[in-house]
Amino acid sequence: MGEHLEAGRIDDALVDRLLHGSVDLHCHTGPSIMTRKLDHLEQIEHAEAAGMKAVLFKDHFYSNTPVMELISRHRNPRSNLRLLSGVPLNNALGGLNPDAVELGLKMGARLVWMPTLCAENHLRSAFRYNLAGRLDMIPPHAISAVDSRGRLREEIAPILDLIAEHDAVLCGGHLHISEMYPLFEEAKRRGVRRMLVSHPTFWIEGGLDDLRDLAAMGVYLEHCACLYIECSSKTFTAEDLRQCIEAGGIDRTILCSDLGQPTNPHPVEGFRAVIRMCLELGYGESEIRKMTSDNASRLIGLDGEAP
């Protein structure tokens with residue numbers, strides 16, 4: 001760690017160098033029904049200025065794939081920033097709806113999220129996220145990936161087949177850790193090669209042993225800057241992050257921002273902060289590059305990478 005420290009602080013130039021070429025697979029921007037700190041175009045400008053390689057724009061209520069395709073078609077041709085998108089399987093898109101998945105993937109979406117804010121696990125969790133009250137919307141219908149016997153619901157099979165056909169990424173959304181195992185086991189049986197769990201120790205209720213088990217299954221583990229850096233949603237410590245990285249392994253760990261909330265830093269600044277945290281934890285440049293760029297690029301299939 002000493003080589004990265006000078007007078008007790010991290011060299012800003014090193015942080016900027018590691019930020020250059022990074023990939024953020026979890027960025028919340030507007031327009032959205034939820035209040036956001038910045039819009040898509042503002043985030044693109046920030047990411048381009050930082051020299052980032054790609055950003056995946058996430059909204060819980062709609063697939064912004066057409067938006068990203070339109071922006072990509074008409075934006076500055078000198079920019080190398082890749083604009084990525086996905087399909088969220090919440091109530092607004094019909095829940096576990098293969099039609100929404102097929103349309104999204106055919107239009108260029110790279111990832112499919114299992115239910116997030118509408119996941120039964122999310123709605124019954126200790127956080128008690130009151131979606132209807134906060135957003136003045138129809139009360140959400142809770143969605144689970146498993147039936148009363150713990151078996152994967154039949155509606156998920158055609159969704160997995162579509163993800164496999166398009167070689168897209170399957171993300172577990174906000175399902176409970178107990179739902180992740182049958183989901184990914186069936187996904188692998190059906191030919192899905194790219195699998196991801198976001199913030200596995202938050203909402204998902206996964207432990208360190210789960211991180212080891214999921215990584216052994218070939219699942220990538222995404223840890224969000226907003227839960228670790230100094231901001232309004234900070235939940236864990238730097239030491240917690242270190243334990244998560246060590247449990248899942250550097251080769252299966254992906255760092256993202258999960259930022260865009262109005263009371264938090266901008267996504268690029270949050271990404272910069274988590275890079276700094278990793279340097280302070282003693283990780284080397286090549287290790288951080290894996291967690292902030294290489295692993296995400298491989299998972300999402302940028303430039304033809306295998307998962």
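Source: prediction; values computed, not measured. For the numbers below, each heavy atom of this structure counts, side chains included, while hydrogens, waters and symmetry mates do not.
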Before you tell me yes or no, could you show the steps for K290 and E287 under salt bridge (Lys or Arg N to Asp or Glu O under 4.0 Å), namely the whole-Å CA-CA distance, both residues' side-chain angles and the distance that decides it to 0.1 Å? CA-CA 5 Å; K290 282 186 177 182; E287 294 172 319; over 6 Å; no
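- In this structure, E42 contributes its side chain and D39 its backbone to a donor-acceptor pair below 3.5 Å.
- Annotation: the span from D251 atom CG to D294 atom CG amounts to 9.5 Å, rounded to 0.5 Å.
- Side-chain atoms of D59 come within 3.5 Å of backbone atoms of F61 as a donor-acceptor pair (strictly under, hydrogens ignored).
- Side-chain N or O atoms of S63 include one that pairs as donor or acceptor with a backbone N or O of G86 at under 3.5 Å.
- Taking the side chain as every heavy atom from C-beta outward, V55 and L84 never approach each other to under 4.5 Å.
- Aromatic pair H223/H199: centroids not less than 6.0 angstrom apart.
- The backbone N or O of E69 sits nowhere less than 3.5 Å from a side-chain atom of S72 that would complete a donor-acceptor pair.
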Starting from the C-alpha separation in whole Å, work towards a yes-or-no answer on side chain to side chain donor-acceptor pair (under 3.5 Å) for T263 and S232. CA-CA 6 Å; T263 59; S232 64; 2.8 Å; yes
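- More than 12 non-hydrogen atoms from other residues, nucleotides or ligands lie less than 6.0 angstrom from CG of D303.
- The shortest distance between side-chain heavy atoms of C278 and L255 falls below 4.5 Å.
- Between T116 and W203, every side-chain heavy-atom pair lies at or beyond the 4.5 Å cut-off.
- Atom CG of residue L241 and atom CD of residue E246 lie 9.5 Å apart, to the nearest 0.5 angstrom.
- Side-chain contact between F184 and L214: present, with at least one pair of heavy atoms (C-beta onward) separated by less than 4.5 Å.
- Considering only heavy atoms from C-beta on, L81 comes within 4.5 Å of M52 through its side chain.
- Side-chain contact between L25 and L299 is present, with at least one heavy-atom pair separated by less than 4.5 Å.
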Anything under 3.5 Å between a donor and an acceptor, one on a side chain of residues 154-164, the other on a protein residue two or more places apart or in another chain? List them.
unit_1: E155; atom_1: OE2; unit_2: R153; atom_2: NE; d: 3.3
unit_1: E155; atom_1: OE2; unit_2: R153; atom_2: NH2; d: 2.5
unit_1: D161; atom_1: OD1; unit_2: R190; atom_2: NH1; d: 3.0
unit_1: D161; atom_1: OD2; unit_2: R190; atom_2: NH1; d: 3.1

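- With hydrogens and angles ignored, the 3.5 Å screen pairs a side-chain donor or acceptor of S293 with a backbone N or O of G21.
- Within the 3.5 Å criterion, the main-chain N or O of D167 finds a donor-acceptor partner in the side chain of R194.
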Please list, one pair per line, the donor and acceptor atoms closer than 3.5 Å that link side chains of residues 106-113 to other protein atoms, with sequence neighbours excluded.
unit_1: K106; atom_1: NZ; unit_2: E102; atom_2: OE2; d: 3.2
unit_1: R110; atom_1: NH1; unit_2: I300; atom_2: O; d: 2.9

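- Side-chain contact of N64 with H40: a donor-acceptor pair under 3.5 Å is absent, judged by distance alone.
- Side chains of R252 and L211 form no contact here, defined as non-hydrogen atoms less than 4.5 Å apart.
- Annotation: side chain of C244 is not in contact with side chain of L221 (no heavy-atom distance under 4.5 Å).
- Annotation: H174 is not in aromatic contact with H176 [ring centroid separation under 6.0 Å not met].
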